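Working notes, structure below.
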Amino acid sequence: QVHLVESGGGWEQPGGSLRLSCAASGSDRRFETMGWYRQIPGNEREFIARIFKNNYTIYADSVKGRFIITLDDAKDTLYLQMNSLKVEDTAVYYCSADYKYWGQGIQVTVSS
C-alpha cells in the first residue's frame, strides 16, 4: 500500500522560504509522476507543480519562478522549495503520486 507523508510546513513571514518534503513508501515501482497541490478551505484543490520520471517539470503560473519541485529517487522523497512566499500561498499542501495517491496534507501559513 502506497503511503505519502508530507513534512516541513509551518509559519513563515512574507518573502521568506520553506521547504516541503513528501516521503513515499509502499510502491514496488517508480512513480511516473509526482506533484504538489494546495487547498484553501472552501476552495477546490489547486495544482502547484509536477515532476515526471524524465525530470520534466511544470508549474502553475502563480508559483512559477518562486517554487521549485525536485525528486530524490534514492530517498523516495519529493520536495517543494518555496521562495519569496506571499500571504496568498497560505494553504494546506498535498503531495500526489501518479494522480491517484495522496498525502494527508500539511499546513503552510504565510503572515506577518
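For the numbers below, each heavy atom of this structure counts, side chains included, while hydrogens, waters and symmetry mates do not. Predicted, not measured: the structure shown is a model, and the values here were computed from it.
Val5 and Leu71 fall into different hydrophobic clusters, where Ile, Leu, Val, Met, Phe, Trp and Tyr side chains are chained together by heavy-atom contacts under 4.5 Å.
Among residues at least two apart or in separate chains, side chain to side chain donor-acceptor pair (under 3.5 Å) pairs with a member in residues 3-12 are Glu6-Gln104, Trp11-Ser111. Applying the salt bridge (Lys or Arg N to Asp or Glu O under 4.0 Å) test to residues at least two apart or on different chains, the pairs with a partner in residues 67-80 are Arg30-Asp73. Under the ring-ring contact (aromatic ring centres under 6.0 Å, His included) criterion, no residue pair touches residues 69-101, with sequence neighbours excluded. Here salt bridge (Lys or Arg N to Asp or Glu O under 4.0 Å) pairs that include residues 33-44, with residues two or more places apart or in two chains, are Arg38-Glu46, Arg38-Asp89.
Between Arg45 and Ile40, every side-chain heavy-atom pair lies at or beyond the 4.5 Å cut-off. Side-chain contact between Trp36 and Val63 is absent, with no heavy atoms from C-beta onward closer than 4.5 Å. Side-chain atoms of Lys86 and Val110, non-hydrogen and from C-beta on, never get closer than 4.5 Å to each other. Arg50 is listed as a side-chain neighbour of Ser96, based on a closest heavy-atom distance under 4.5 Å.
For the atom pair Ile68 CD1 and Ile51 CD1, the distance stands at 11.0 Å (nearest 0.5 Å). Atoms CG and CD1, from Asn55 and Ile69 in turn, are 10.5 Å apart once rounded to the nearest 0.5 Å. With rounding to the nearest 0.5 Å, the separation of SG in Cys95 from CD1 in Ile48 is 13.0 Å.
Scored by the ring-ring contact (aromatic ring centres under 6.0 Å, His included) test, Tyr37 finds Phe47, Trp102 as partners (sequence neighbours excluded).
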Under the side chain to side chain contact (heavy atoms under 4.5 Å, CB included) rule, what do Val108 and Thr90 come out as? Steps first, then yes or no, please. CA-CA 5 Å; Val108 170; Thr90 297; 6.0 Å; no
Could you list the donor-acceptor pairs under 3.5 angstrom formed by side chains in residues 13-24, with sequence neighbours left out?
{"unit_1": "Ser17", "atom_1": "OG", "unit_2": "Asn83", "atom_2": "OD1", "d": "3.0"}

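Smallest separation of non-hydrogen atoms from Asp61 and Lys64: OD1-NZ, 3.1 Å. Of all non-hydrogen atoms in Glu32 and Asp98, the two that sit nearest each other are N-OD1, 2.8 Å. Listed here is the closest heavy atom pair of Leu80 and Ala49: CD1-CB, 4.4 Å.
When only modelled atom types and interatomic distance are considered, Ser84 and Arg66 share no side-chain donor-acceptor pair under 3.5 Å.
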